[in-house]
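Report on the following structure.
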Amino acid sequence: MYAFSVIAALLSVVSASPASGVPASTVYIGPCTDSIKPHAHIIASPDTTLVAGLQLSTGTSGRATLTDGGIYSLWDFSNGGLGVKPDCGPTGLWLNIDPVVTDYKPLYWNTTQITTNWSAAYGKVLAANGTKTYSTTDTFIACRPVAFAVEKAPWYLFLQTPGTIVPLADAVSLKDFDTTSCVKTKLTIENPTYGTEI
């Protein structure tokens with residue numbers, strides 16, 4: 001009850017002394033307050049993998065990659081999705097699993113949510129819940145392109161479906177990748193921090 005009377009008193013003061021150009025009936029809340037909402041990276045783990053600590057990023061042609069400087073964002077886990085939610089705006093990009101490829105499924109970003117079977121939460125390992133075509137999995141493959149020219153080239157991400165028996169070198173989805181560079185990894189959604197990262 002006390003909180004309600006404080007808010008009522010505050011609103012009466014605001015409406016009694018309007019700023020210049022603001023009608024008396026308008027209450028100005030202030031700038032976007034998303035900076036106080038949780039922000040986090042999604043990082044490759046465990047520490048024993050070659051890509052450990054790299055962060056989920058966006059690559060060329062909308063592909064999901066791992067890099068040193070990944071996405072630090074609010075995350076939208078609604079409707080079985082994993083979306084990047086910019087401060088003060090609607091979800092901008094959704095992480096999707098290529099529904100066509102059957103062995104190692106490429107991950108890509110799209111403005112439309114297509115994948116609705118992510119199991120995702122802050123402080124948890126990202127997993128794809130089972131569908132009609134594959135069982136639940138939290139195993140990803142990170143590979144470098146065939147002709148990467150720089151040491152800091154991104155690692156491209158693929159979901160490894162359970163029971164995959166296709167050798168990496170024979171996988172259609174990996175034909176443009178150096179399959180000798182591929183490593184298994186998991187993706188951990190960090191516990192959030194509040195405010196902006198320095």
Side-chain angles (χ1 to χ4, degrees), residues 34-99 101 104-131 134-145 148 152-162 173-174 177 181-198:
D34 276 358
S35 63
I36 62 171
K37 293 182 181 176
H39 287 69
H41 288 108
I42 296 178
I43 58 169
S45 58
D47 291 340
T48 55
T49 67
L50 189 59
V51 295
L54 294 181
Q55 302 158 1
L56 183 63
S57 305
T58 56
T60 58
S61 303
R63 291 293 307 273
T65 59
L66 292 173
T67 63
D68 285 335
I71 300 167
Y72 178 74
S73 179
L74 302 172
W75 294 96
D76 184 345
F77 307 126
S78 61
N79 302 317
L82 179 64
V84 176
K85 185 168 176 26
D87 290 352
C88 302
T91 300
L93 291 174
W94 293 95
L95 184 64
N96 291 298
I97 303 166
D98 188 322
V101 178
Y104 301 94
K105 296 179 173 293
L107 302 182
Y108 62 96
W109 297 99
N110 194 301
T111 55
T112 303
Q113 180 183 2
I114 298 166
T115 299
T116 58
N117 63 307
W118 288 120
S119 175
Y122 290 113
K124 303 291 183 188
V125 171
L126 178 65
N129 288 325
T131 67
Y134 59 88
S135 301
T136 299
T137 182
D138 62 2
T139 303
F140 298 87
I141 301 292
C143 301
R144 286 223 161 127
F148 69 92
K152 299 252 182 198
W155 294 79
Y156 287 77
L157 283 169
F158 302 82
L159 179 72
Q160 181 178 355
T161 55
S173 59
L174 299 176
F177 294 88
S181 75
C182 297
V183 294
K184 284 186 181 181
T185 190
K186 296 190 183 304
L187 298 175
T188 302
I189 304 165
E190 290 182 316
N191 282 314
T193 57
Y194 291 81
T196 55
E197 184 178 61
I198 298 175

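- Closest approach of A142 and V51 over heavy atoms only: CB-CG1, 4.2 Å.
- Annotation: the span from L159 atom CG to L126 atom CG amounts to 8.5 Å, rounded to 0.5 Å.
- In this structure, Y72 and H41 have tilted ring planes: the angle between them lies in the 30° to 60° band.
- K186 places a side-chain heavy atom less than 4.5 Å from the side chain of T139.
- Between L66 and L187 the shortest side-chain heavy-atom distance falls below 4.5 Å.
- Residues Y156 and P145 approach most closely at CE1-CG, 3.5 Å, considering heavy atoms.
- A donor-acceptor contact shorter than 3.5 Å is absent between the side chain of Q160 and the backbone of P162.
- Checking side-chain atoms of T136 against main-chain N and O of G130 turns up a donor-acceptor pair under 3.5 Å.
- Side-chain atoms of T91 and K85, non-hydrogen and from C-beta on, do get closer than 4.5 Å to each other.
- Screening L82, T58, I114, I42 for a side-chain contact (heavy atoms from CB on, under 4.5 Å) with L95, the sole residue that qualifies is L82.
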- T65 and L157: side chain to side chain contact (heavy atoms under 4.5 Å, CB included), yes or no, with the steps? CA-CA 5 Å; T65 59; L157 283 169; over 6 Å; no
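- In this structure, CD on E190 lies 13.0 Å from NE2 on H39, to the nearest 0.5 angstrom.
- Side-chain atoms of S173 and D98, non-hydrogen and from C-beta on, never get closer than 4.5 Å to each other.
- Side-chain atoms of D76 come within 3.5 Å of backbone atoms of S78 as a donor-acceptor pair (strictly under, hydrogens ignored).
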- Give the C-alpha distance, both sets of side-chain angles, the deciding distance and a yes or no for side chain to side chain contact (heavy atoms under 4.5 Å, CB included) between I97 and L107. CA-CA 5 Å; I97 303 166; L107 302 182; 3.8 Å; yes
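- In this structure, the side chains of W155 and R144 come closer than 4.5 Å at one or more pairs of heavy atoms.
- S57 and G69 make their closest contact through OG-O, 3.9 Å (heavy atoms, listed as atom of the first residue, atom of the second, distance).
- Judged purely by atom type and a 3.5 angstrom limit, T161 has no side-chain atom pairing as donor or acceptor with the backbone of K105.
- Taking OH of Y134 as the start and CG of N117 as the end, the distance is 4.0 Å to the nearest 0.5 Å.
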- Task: Report the C-alpha separation of V84 and W75 in whole Å, then their side-chain angles, then the decisive distance to 0.1 Å, and conclude whether the side chain to side chain contact (heavy atoms under 4.5 Å, CB included) test is met.
- Result: CA-CA 5 Å; V84 176; W75 294 96; 3.6 Å; yes
- Message: Run W109 and N96 through side chain to side chain contact (heavy atoms under 4.5 Å, CB included) and show every step you take.
- Response: CA-CA 6 Å; W109 297 99; N96 291 298; over 6 Å; no
